[in-house]
Amino acid sequence: MPDLTTDVRYIKGIGEQRAKSLEKLGIRTLKDLISYFPRAYDDRRAYKKIRDLEEGENVCVEAMVAAAPTLSRIRKGLELVKLRAVDETGALDVTFFNQAYMKDNLRAGETYTFFGRAEGAGRKRSMANPVVEREGSRLMTGRIMPIYPLTAGISQMTLVKAVEQGLAACRRLLPDPLPDQVRREHQLCRVGYAYEQIHFPASEEELAIARRRLVFEELFLLAIGLKRLRGRRDALTCASWSDTDLSEFYGSLAFTLTGAQRRAIEDIRGDLAAGRPMNRLVQGDVGSGKTMVAAAAMICAVRNGKQAALMAPTEILAEQHYKGLAPLLEKLGAACVLVTGAMGAKARRAALRGLESGAARVAIGTHALITTDVVYHDLGLVITDEQHRFGVNQRSALAAKGERPHLLVMSATPIPRTLALMIYGDLDVSVIDELPPGRQKIDTFAVPGSYRQRIYRFLEKEIAAGRQAYIVCSMVEENDQIPDDRKAAAEYAEMLQKRVFPRLTIACVHGRMKPKEKDKIMSAFAAGEIHILVSTTVVEVGVDVPNATVMVVEDADRFGLSQLHQLRGRVGRGRHKSYCILVSDNHSEETRARLKVMTQTGDGFRIAEEDLRLRGPGDFFGQRQHGLPALKVADLTCDIALLKEAQTAAMDLLVRDPELSGCPETAERVKVMFEVGGNAMN
């Protein structure tokens, strides 16, 4: 009899090979499988006759294949299967791209259900790449279908069948981490029902009931874990740093820090003198001067005889920090070394000798700072930049290089302050909400795709004046497969080079590139050797290019506002006037309202608040903010009311039972959650 720990390879239709693919998704056991929740849903319950199809709607059609499908190879890499399907009201032309197997799967004279987006009107009705199954099958049509994130070798059909089997075997065995009293008080459904309906909802109402239960559970466990974690941290002690005088540091700067920067530094000085390890998040908009706050903390470490390490997510960012900070730190007597994977063996040996002997007081680098051969003389301060780009293990590995070092986390992801204080329950939060004087205001425009030729002419004009530009593409998804950012960016870059800007140098970066390859292109762009950089959101947190003055974002409606704000922050870093152009053909009221916010303000925190207000708690599957705890169901930008309710319930339980001795299931789940998904817990 299978149980929650049974290996997924024993499920019918999985086997050894697919089990290996599922492992890439974190699915090893039946419990992992049924806890792998959908990322979205397709409502496939509507059926229509062919003549009643409306342009742009997603709908099911039952129709007979009129003649054998034909296969044609248009060019290398593009195969088309075409067929005509008919019902008593009309004909539907169906096309499959790069799915040659469909030619033999569909037989003339047989009836199938086609689900897809209807195109055309009158007698010219068509569908491209629809989901197809035999009439009456109802496995992938005629119901609300879960849409799962996938990996190579695993299709939606495979996952749907596997989850159905997993639920049938294990739904009644699921332990409930919510104490009965909490579940009843907050009118939440039982755990088995929630799992069944989150995967295969019978209706929108059942889905809402299941989701509310699972979101509450997740936030309840998060609140308990953070409260206990903070309690443990408050009990830790370390030597108080007595010398945090920064007058020499302030005097050495060629500019005056903003009031917000000074407040963050004062928060840090207070932490360092408190006699317990600092655990502080410094949250500041793009260009708000977080690096100078980090520099002040480093000087405090050096004045107290300690070493400091700053870890950045990419080599190019690490080098940028090193070039900016090393001259300042060394002027104040803090010898600085750079440690990255790309440096030569001789330079690396010299840097490591300096760190081990204590001659080097500050290390700046990538995850190369945490390799086993890096030994610190006395590491007292650990700083991580863009902390959401590191796994919890990388951050804790760096912290383990010292004895209870102080931890400073820097993030440019704007989260409303009230939300940040709730989410980062284990971190003290400082917000830098002012920009240094001299930062450029970036003129932002939201335009339809019909403006593209005008945009291209504007880019030509800026580049003729010696400037550079970014063009960001959103990822494309085909047949519910994983988004292919490589295809989106590479094809657009190729089109621009051949048809639009043949005399300019255009390069492309995407998430599937090796880090060294990506860094090489970014370095060439920074050096002015590339005129236009086409990319996916890998430039969201990236190298400083003061000469880049235009950011064009295609399909801007597919991005969250905070993400658009991060992208916009890539320009306006030099003395030249800068522009951000958001291109979208989505004419919905919500999209227009959201993009209008971007044209009206450059304040990242206001944008985050507005994003929250516009999307509201009803947006089930909104894009998640970066840098938040790895939650499976809850969206912390949407589920605020439920977050407060769950936090209150968690605090009440901890007052009644601080050790959770009467709630072993709750205690176990909190432990697992913080072992596995603790991205934002330290």
Side-chain angles (χ1 to χ4, degrees), residues 4 31-32 35 37 174-192 194-195 198 210-236 276-277 279-281 387-388 391-393 395-396 407 409 415 418-429 617 624-625 627-682:
L4 292 167
K31 175 67 165 65
D32 297 333
S35 303
F37 299 135
L174 281 165
D176 197 333
L178 288 184
D180 269 349
Q181 183 181 341
V182 171
R183 192 176 55 73
R184 284 195 302 271
E185 280 175 2
H186 296 273
Q187 297 177 307
L188 300 163
C189 67
R190 293 192 177 275
V191 66
Y195 269 70
I198 201 77
R211 188 179 179 280
R212 182 174 179 272
R213 146 74 209 221
L214 292 169
V215 169
F216 184 97
E217 174 188 311
E218 205 162 38
L219 297 176
F220 175 77
L221 298 170
L222 175 69
I224 289 174
L226 287 172
K227 180 71 175 169
R228 297 179 91 196
L229 204 59
R230 188 171 196 116
R232 278 212 305 276
R233 180 165 69 84
D234 288 346
L236 293 175
R276 62 181 178 81
N279 218 23
R280 182 166 292 277
L281 166 71
Q387 117 286 355
H388 64 268
V392 67
N393 295 336
R395 291 200 300 282
S396 52
L407 179 67
V409 165
I415 306 162
T418 49
L419 191 57
L421 290 169
M422 285 191 281
I423 294 159
Y424 293 108
D426 185 43
L427 289 165
D428 300 305
V429 180
R624 296 175 186 197
Q625 299 274 10
L628 305 185
L631 300 175
K632 287 185 174 181
V633 202
D635 181 340
L636 286 161
T637 57
C638 295
D639 295 313
I640 292 190
L642 212 48
L643 173 60
K644 289 176 180 169
E645 196 180 328
Q647 282 184 314
T648 303
M651 296 311 111
D652 289 347
L653 177 63
L654 288 173
V655 167
R656 294 197 305 269
D657 186 359
E659 297 305 314
L660 301 178
S661 49
C663 314
E665 297 294 358
T666 308
E668 178 59 27
R669 275 292 301 280
V670 169
K671 179 172 171 244
V672 169
M673 184 181 198
F674 278 66
E675 279 174 357
V676 176
N679 303 38
M681 310 311 175
N682 65 348

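The distance from the CZ atom of R212 to the CD atom of E645 is 5.0 Å, given to the nearest 0.5 Å. With values rounded to the nearest 0.5 angstrom, E218 atom CD is found 9.0 Å from R211 atom CZ. The CG atom of L653 sits 12.5 Å away from the OG1 atom of T648 when rounded to the nearest 0.5 Å. In this structure, CG on D180 lies 11.0 Å from CD on E185, to the nearest 0.5 angstrom. To the nearest 0.5 Å, atoms CG (L643) and CZ (F220) are separated by 13.0 Å.
The side-chain heavy atoms of L660 and L654, taken from C-beta on, include a pair separated by under 4.5 Å.
Of all heavy-atom pairs between P179 and C663, the closest is CG-SG, 3.9 Å. Shortest non-hydrogen contact noted between L174 and V191 is O-CG1, 3.8 Å. Smallest separation of non-hydrogen atoms from L219 and L642: CD1-C, 4.1 Å. Annotation for R213 and L188: closest pair CA-CD2, 3.8 Å, computed over non-hydrogen atoms. Nearest approach of A210 to I198, heavy atoms of both residues: CB-N, 3.8 Å. The shortest heavy-atom contact between V182 and A649 is CG1-CB, 4.4 Å.
Scored by the side chain to side chain donor-acceptor pair (under 3.5 Å) test, E668 finds no partners at all (sequence neighbours excluded). Taking the ring pair (Phe, Tyr, Trp, His ring centres under 6.0 Å) definition, one finds that Y195 meets it with F37, sequence neighbours left out. For E665, the side chain to side chain donor-acceptor pair (under 3.5 Å) criterion is met by no residue, not counting sequence neighbours.
Within 6.0 Å of atom CZ in R190, 12 or fewer heavy atoms from other residues, nucleotides or ligands are found, so the atom counts as exposed in its surroundings.
Side-chain N or O atoms of R183 include none that pairs as donor or acceptor with a backbone N or O of L178 at under 3.5 Å. A donor-acceptor contact shorter than 3.5 Å links the side chain of T666 to the backbone of P177.
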